[in-house]
Amino acid sequence: MDKEFSIANCEQLRAARRAKGLTQAQLAQRVGCQQSAVSMMEAGRVTALAPETRERIAAELGVVLAGATESPVVAVVVPVAGRAFCTEPDCPTNVPFVVSGVLLFWPRVQAVPGGRHCAACGEVLAQACGKCGAPVAAGACCRDCGTPYVSAVALPTAEPNAWAEARRQQIAAWRALL
Ligand SMILES: [Zn+2]
Ligand SMILES: [Zn+2]
């Protein structure tokens, strides 16, 4: 495969992952890479993953990257009753705040079953910590391993506190519409 890997390919892989009901963390685990790398690739950073890793992802998702004629096979995922969160840092269900200069996101936990995609943005809901697999509890970080449930793809260029404050105001305005 020596063709260019384009932003359109990034979007294609993201759509296929969502259609399969996989979180970024689940996909990363299957192909042996970091969730953050999948996240960056899906955000359009075409060099975030090595070509071999992109090919493993395409194979895992049943996607043909160039001139695709067949649609990906859609797996049926049966949700287990429990709690879930949206893994998309830009989703309004994830509220940013800053502790000791570190930007964190507090996800609004959603109940499952009830759907396996985020009602706000369509991302696949995660039902477990992406790092250790512990069930989702309330809060911003896993109670078992301390890993944040949601992490930013790229750090904001603005000062973190100011960025989080402005973002919280946007989210509050969005929620006021509901
Ligand atoms: Zn969402
Ligand atoms: Zn954990």
Side-chain angles (χ1 to χ4, degrees), residues 7 10-45 48 57 61 72 74-100 102-156 160 163-178:
I7 289 177
C10 295
E11 288 166 357
Q12 191 186 1
L13 290 179
R14 181 184 181 110
R17 174 184 60 76
R18 288 182 172 190
K20 271 209 157 191
L22 288 172
T23 63
Q24 291 176 343
Q26 287 168 337
L27 178 62
Q29 192 178 29
R30 288 190 187 191
V31 302
C33 71
Q34 295 293 314
Q35 181 264 331
S36 56
V38 173
S39 178
M40 286 189 285
M41 179 276 291
E42 291 189 352
R45 211 172 298 177
I57 287 178
L61 297 174
V74 177
V76 176
V77 177
V78 180
V80 182
R83 296 147 73 88
F85 64 96
C86 178
T87 60
E88 170 55 62
D90 290 335
C91 179
T93 64
N94 292 320
V95 180
F97 64 103
V98 176
V99 177
S100 305
V102 177
L103 179 66
L104 295 167
F105 291 85
W106 191 292
R108 172 180 277 193
V109 173
Q110 307 180 37
V112 282
R116 57 193 176 89
H117 294 265
C118 175
C121 75
E123 182 53 87
V124 176
L125 294 171
Q127 293 184 53
C129 168
K131 177 110 176 179
C132 77
V136 175
C141 300
C142 173
R143 289 182 186 177
D144 283 36
C145 74
T147 304
Y149 287 130
V150 179
S151 45
V153 171
L155 286 176
W163 183 86
E165 172 65 28
R167 178 71 184 139
R168 284 196 300 272
Q169 286 176 12
Q170 286 177 355
I171 292 171
W174 177 81
R175 286 186 180 164
L177 298 174
L178 301 180

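Counting starts at 1 for both ligands and their atoms, following the listed order. This is a predicted model, so every value here is computed, not measured.
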(message) Donor-acceptor check, side chain of Tyr149 to backbone of Gly139, threshold 3.5 angstrom: yes or no?
(response) no
(request) Using atom types as modelled and distance alone, determine if a side-chain donor or acceptor of Arg108 lies under 3.5 Å from a backbone N or O of Cys86. (result) no
(message) So that I can tick it off, tell me whether Glu165 and Arg168 are bridged by a salt bridge, with the cut-off set at under 4.0 angstrom between side-chain N and carboxylate O.
(response) yes
(request) Report the protein N/O/S neighbours of the Zn ion (ligand 1) that fall below 2.8 Å; do not count waters. (result) Cys86 SG, Cys91 SG, Cys118 SG, Cys121 SG
(request) Would you give the angle at the Zn ion (ligand 2) between Cys132 atom SG and Cys129 atom SG, to the nearest 10°? (result) 110°
(request) Step by step, work out the side-chain contact (heavy atoms from CB on, under 4.5 Å) result for Thr93 and Cys118. (result) CA-CA 9 Å; Thr93 64; Cys118 175; 4.2 Å; yes
(request) Measure the spacing between CG of Leu61 and CG of Leu13 and express it to the nearest 0.5 Å. (result) 6.5 Å
(request) Would you indicate whether the side-chain heavy atoms of Pro89 and Asn94 approach each other to under 4.5 Å? (result) no
